[in-house]
Structures are given as structure tokens and as C-alpha cells.
Amino acid sequence: MFNSDLPGRSGPDACPGALQVHAAADGGLARVRIPGGAVTAGQLRAVAAAARELGSGVIELTSRANLQVRGLRLPPDACGGAERVPAEAPDFAARMAAAGLLPSATHERVRNIVASPLAGRSAAGGRDVRPLVAELDRALCARPGLAELPGRFLFALDDGSGDVAALEADVTLRPVAAADESEAALLLAGADPGLRAPSGAETAGLLAVAEAFLAERAAQGSRAWRLRELADGPARVAARAVQLEPRLRRSAARPPEAYAAETGAGGADGVVGVVGVVGQPDGRVALAVLPPLGRLTPAQAEALAAAAGDGAGEVRVTPWRTVVVPDLTPADAGRWRARLAEAGLVADPASPWLGVTACAGRPGCAKSRADVHADIRAALGDPRPDADVSRDAVRSPTDAGRIPAHWAGCERRCGRPRGRVVDVVATTHGYRVEADGVSRAFPGAEQTSAAVAATREGL
């Protein structure tokens, strides 16, 4: 079984935050929520400095477009267990608060908001949802009762491109039709129960769904972390939400393909699975790069912050563990693309690193049977390219027929992407490669990597 979205939760949600720090095998793990994935150059530098000075120098990108810092040092006399508090945790939280990344101590772990990374900057999307991200974040933190949301509950704001709608968040706001902002659909766990929010009531509708989730969870006597874990969750939560927010209305439910027909987008545009230069309607461009295995060094984070200085002064972290620097001139994008590639960030759309994800592995996780990151790097080599990276962005191998591969140190398969994936699971005698019901065992990382590559191409 995978370690995500499991029914029958038996314990409280223990997602880490900047204040509630998880004690991993390699030290404290702190997670910083960045709603909409938007972080200023100064904030990114603050995270880089904290990772370098307080932790092990590892910054991870999460599938919720958040950042986390590993290896906060633990007191030498700390006992084992999740209650261990790293010695640097208060300093880390204070630094994040000073950088504007910790606006609420009570709600810090529930500020899980993803948004279309190129909202307002891509022809694929219709609505600029960036103002709604900030509005939702403020309103969420202002409702005391919503501090009880699980740290896994996810809000998504889709600009009409369908990119974050494909994540099947607990509640997704998505335009019903292109160029029509009079009404938006509220999708629950990826399903459309016919819930509609008129213009001006979008934030109220999203929060009504969150409150309805908590009420329905209590009514069912459940400890569910996600809406999909409730019995008949979408229908029951939608019915409660309409009672909580009278401006919401019910409409006929629609299948996913209906939204693609209305908005002109199918759900894989923008920066999903893409690295390189992405054109903006205003003549400027966005530069998308991939940190291998979703990990940044402080030096790479500082390089991204410097690149952002030539644009709008911010970067966008995406749920696909890429980083986008928007609002660059084409000339600046070309210059930074080469510099970021030299720093070890993937800027070549043909790179074998695209579509490869992994759990923390050893030494970060005591349950892992292997150092999966070391094994992948040994197999794929240095991500810094010898190939030309001057081309415009093109579809990644994922979109060309090569499906993602996820390496995991144990059967929990933490961090596994949704959908069709080649699973690479460490065993006591090597790795097991699984795809479409077929499982094969290999004794070493080199043989495993060759089998994974062949499986991804052949599926």
C-alpha cells in the first residue's frame, strides 16, 4: 500500500511545519507553506541561509509546491520519537516569520494552496487567480475553526488550463468556461458535484467546503485527512457547503472532458512536465527548470533568486517539483538558462532526469532500505548538461510517451506521484520494478536503472 490518501486513519495528522518539526533520521524536517508556490527572491534567500546555517543544506520541493529544509540539528540528549524538537527549530521559525513566510502560528500547517504556476502569464489559462490566492490565504488564517484542518487538506486554484485541476485536490476552483469569470466550479476530490461559486464569492465558497469537510468528518466519526476518504464525501460535503454559504448554487455535474471543451485546455499545459523557456502573451518569457529529485542546494536557491531579480522578483514553485522564473526578457532567459544548468539545475527538455522522483531514502529515513538518491545519481550521472540548452521549451519525455518513474526505499512509497507510474522499490536484495501489474527483481542499482529506462520507453 502507498503512504498517501489511505482510508481508516488511526492517528492525528502529523504533517511537519515551521513550528511543528518532524524528527527524521537525518535530523529535524521543517516545512514552509508558500501559497500558490510564489516566493520572493528575498524569501528564497532566507530559506537558503537557514538550510545552510541551521540544517544539512538540503531544500526539498514538495508535491504541494512547498519548501522544506532537512537536517535541523537535534539536541544530543533528545529521546527518540516525533516529539523530539530540533535545537534550531525556534530559530528556524523566527527566521521564516521575519521573512514573511510564517504569518500565522495557529494556521501555518493548513495553508496548503496550489495555483496554476503561470496564471496571468500564459495563453493556456483564462483567469488570473493570483489575487484569489492571497485573498484565500488571509481569509483562511482569519477563521479560528479552520486551524483544525488536517495538514494534508489541499486547496487548488486553476486558471482554466486544467493543470492543477488534474491534482484532484480536496477542493479546486476552476472556470466553467473560457473568458467567463461570472461563475466558477468547485470540484471536490477531483469530482464535480455541481457546486458553483459566483464572482465575488469564490473565497467564501472554498472556505465553506473546508468547514463542511470538518463537519462531515465529525458526523461520520472519522479522522480522515482528505475529503476523498469520507463516505460519499463530495456529495455530502457539497450539500453542507451550500447550507453554510448561501451564495453557492447547485448545477448539473459535468465530466472532466466538458471543462476541456469549454476552456480549450485539457490539463497538461503550462509548466507540467516542461523545462525551458515558455512564452508569455506580453512578449516576455518564463524560464522553468527542474532541480534533480526535487532538491535544491542553498547555492542553487540563491542562483534562482538572482535570476528572479531580472524578472518580477519572485519565483514559482510548482506541484511538479519544478521552479519557474517569470517575466524575463528572452535574452535574460537564455543567459540564466545556461547559468542555472551549469549550477546543476535541469534546463534541457531531453534530460533523463525529467520524470524521475524519489522518496527521501537513506540516511534521511530510518525505514528506507537504500540510499535511493545515491543510486539514481550513480545511474544517471551529473545533471549538468553537455547538450545544447538553447532551444525553446518542448514537451518532456513524459508527454512523449515516457511515463514517470518513482524510486522508493520501502513499500510505503512516500512521495509517489498520482497516476500511472513505474514503481522502483528497494528490497533487502536490490530493487523491484513494477509497472502495469508486472514485477521484476534486480540485484543492483545499475541493472535496475536499465530496466526502468526500458520499461518507461516500452509502456
Discussion item. So, taking the atom named OG1 in T62 and the one named CZ in R321, what distance separates them when rounded to the nearest 0.5 Å?
Written reply: 6.5 Å
Worksheet item: Which atom pair, heavy atoms only, marks the closest approach of G361 to S368?
Response: CA-OG, 3.4 Å
Worksheet item: If you measure from CG on D137 to CD1 on I34, what distance do you get to the nearest 0.5 Å?
Response: 11.5 Å
Item to complete: For R127 and E202, run salt bridge (charged side-chain N to carboxylate O under 4.0 Å, His left out): C-alpha distance rounded to whole Å, both residues' side-chain angles, the deciding distance at 0.1 Å, then the answer.
Response: CA-CA 13 Å; R127 181 170 188 179; E202 298 95 340; 2.9 Å; yes
Item to complete: Answer yes or no: is there a donor N or O on one side and an acceptor on the other, between the side chain of S449 and the main chain of A445, under 3.5 Å?
Response: no
Practice prompt. Please examine the side chains of R109 and C15, heavy atoms only from C-beta on, and report whether any two atoms are closer than 4.5 Å.
Written response: yes
Practice prompt. For the pair R174 and D159, evaluate salt bridge (charged side-chain N to carboxylate O under 4.0 Å, His left out) and give the outcome as yes or no after the intermediate values.
Written response: CA-CA 7 Å; R174 181 174 186 178; D159 65 356; over 6 Å; no
Worksheet item: So, do R143 and L207 sit near enough that their side-chain heavy atoms are less than 4.5 Å apart?
Response: yes
Practice prompt. Give the C-alpha distance, both sets of side-chain angles, the deciding distance and a yes or no for side-chain contact (heavy atoms from CB on, under 4.5 Å) between V209 and L186.
Written response: CA-CA 9 Å; V209 170; L186 293 176; 4.2 Å; yes
Fill in: Side-chain heavy-atom pair V452, V424 within 4.5 angstrom cut-off
yes
Worksheet entry | Neighbour count >12 (heavy atoms, 6.0 Å) for atom CD, E446 | no
Fill in: Reference residue L296; test side chain to side chain contact (heavy atoms under 4.5 Å, CB included); the match among V58, V317, L345
L345
Worksheet item: Any ion pair linking R130 and D128 (charged N to carboxylate O, less than 4.0 Å)?
Response: yes
Item to complete: Report the distance from atom CG of L61 to atom OG1 of T318, rounding to the nearest 0.5 Å.
Response: 7.5 Å
Worksheet entry | Residues R228 and D170 bridged, charged N to O under 4.0 Å | no
Discussion item. Would you say that L173 contacts L132 through its side chain, given a criterion of any heavy-atom pair below 4.5 Å between the two side chains?
Written reply: yes
Worksheet item: Out of curiosity, F92 CZ to L54 CG, how far, rounded to the nearest 0.5 Å?
Response: 8.0 Å
Discussion item. Checking A105 now: which residues fulfil side-chain contact (heavy atoms from CB on, under 4.5 Å) with it, not counting sequence neighbours?
Written reply: L19
Item to complete: Measure across A347 and A341 and return the closest heavy-atom pair with its distance rounded to 0.1 Å.
Response: CB-CB, 4.2 Å
Item to complete: May I ask you to decide whether R432 forms a salt bridge with E411, counting only side-chain N to carboxylate O separations under 4.0 Å?
Response: yes
Item to complete: Let me see the working for T329 and R284 under side-chain contact (heavy atoms from CB on, under 4.5 Å), right down to the final yes or no.
Response: CA-CA 5 Å; T329 66; R284 298 173 76 85; 3.9 Å; yes
Fill in: Closest non-hydrogen atom pair, A210 against F155
CB-CZ, 3.9 Å
Practice prompt. State which residue, out of R138, E108, R111, fulfils the side chain to side chain contact (heavy atoms under 4.5 Å, CB included) condition with P103.
Written response: R111
Discussion item. Can you list everything that forms a side-chain contact (heavy atoms from CB on, under 4.5 Å) with A46? Sequence neighbours excluded, please.
Written reply: A99
Discussion item. When you measure from the side chain of R456 to the backbone of I403, do you find a donor-acceptor pair of N or O atoms at a distance under 3.5 Å?
Written reply: yes
Worksheet, complete the sentence: With sequence neighbours left out, the residues meeting side-chain contact (heavy atoms from CB on, under 4.5 Å) with A51 are I59, V69, P298
Worksheet entry | Where at least one partner belongs to residues 288-317, residue pairs that pass salt bridge (Lys or Arg N to Asp or Glu O under 4.0 Å), sequence neighbours excluded | R52-E302, E60-R295, D310-R335, E314-R316
Practice prompt. Kindly give the heavy-atom pair with the smallest separation between G151 and N112, and that separation in Å.
Written response: O-ND2, 2.8 Å
Fill in: Check: F153 and V171 side chains under 4.5 Å, non-hydrogen atoms
yes
Discussion item. Taking A50's backbone N and O only, do any of them form a donor-acceptor pair with E53's side chain (distance below 3.5 Å, no angle check)?
Written reply: no
Under 3.5 Å donor-acceptor pairs involving side-chain atoms of residues 370-377, not counting sequence neighbours:
from: D371; atom 1: OD1; to: A374; atom 2: N; distance (Å): 3.1
from: H373; atom 1: NE2; to: C359; atom 2: O; distance (Å): 2.8
from: D375; atom 1: OD2; to: Y431; atom 2: OH; distance (Å): 2.6

Worksheet item: Given the rule in the side-chain hydrogen bond (donor to acceptor under 3.5 Å, both in side chains) test, do T203 and E135 qualify, once you have shown the distances and angles that lead to the verdict?
Response: CA-CA 7 Å; T203 293; E135 180 182 305; 2.7 Å; yes
Discussion item. Just so I know, are the side chains of H406 and P417 near enough to count as touching, which here means a heavy-atom distance under 4.5 Å?
Written reply: yes
Fill in: Pairs involving residues 32-51, ordered by first then second residue, that meet salt bridge (Lys or Arg N to Asp or Glu O under 4.0 Å) (sequence neighbours left out)
none
Worksheet entry | Evaluation steps, side-chain contact (heavy atoms from CB on, under 4.5 Å), between D423 and W407 | CA-CA 6 Å; D423 287 292; W407 291 59; over 6 Å; no
Worksheet item: Between the side chain of H22 and the main-chain N/O of R31, is any donor-acceptor distance below 3.5 Å?
Response: no
Fill in: Heavy-atom donor-acceptor pair, S122 side chain to L118 backbone, under 3.5 Å
no
Worksheet entry | Gap between atom CH2 of W320 and atom CG of L167 - 0.5 Å precision | 5.5 Å
Discussion item. Go through it in stages, so that I can follow the logic: the residues are L44 and L67, the test is side-chain contact (heavy atoms from CB on, under 4.5 Å), and I'd like the CA-CA distance, side-chain angles, deciding distance and then a yes or no.
Written reply: CA-CA 9 Å; L44 189 56; L67 297 174; 4.2 Å; yes
Item to complete: Provide the closest heavy-atom pair for D158 versus G160 in the form atom of the first, atom of the second, distance.
Response: OD1-N, 2.7 Å
Worksheet item: Checking Q280 side chain against D327 main chain: does a donor-acceptor pair fall under 3.5 Å?
Response: yes
Discussion item. Keeping T297 on the side-chain end and Q300 on the backbone end, is there a donor-acceptor pair under 3.5 Å?
Written reply: yes
Worksheet entry | Side-chain heavy-atom pair D163, P117 within 4.5 angstrom cut-off | yes
Practice prompt. Taking all non-hydrogen atoms of both residues into account, name the closest pair between P319 and V164 and its distance.
Written response: CG-CG1, 4.4 Å
Fill in: Rounded distance (nearest 0.5 Å) linking atom CD1 of I113 with atom CZ of R64
12.0 Å
Worksheet item: Is the shortest heavy-atom distance from the side chain of V323 to the side chain of P291 under 4.5 Å?
Response: yes
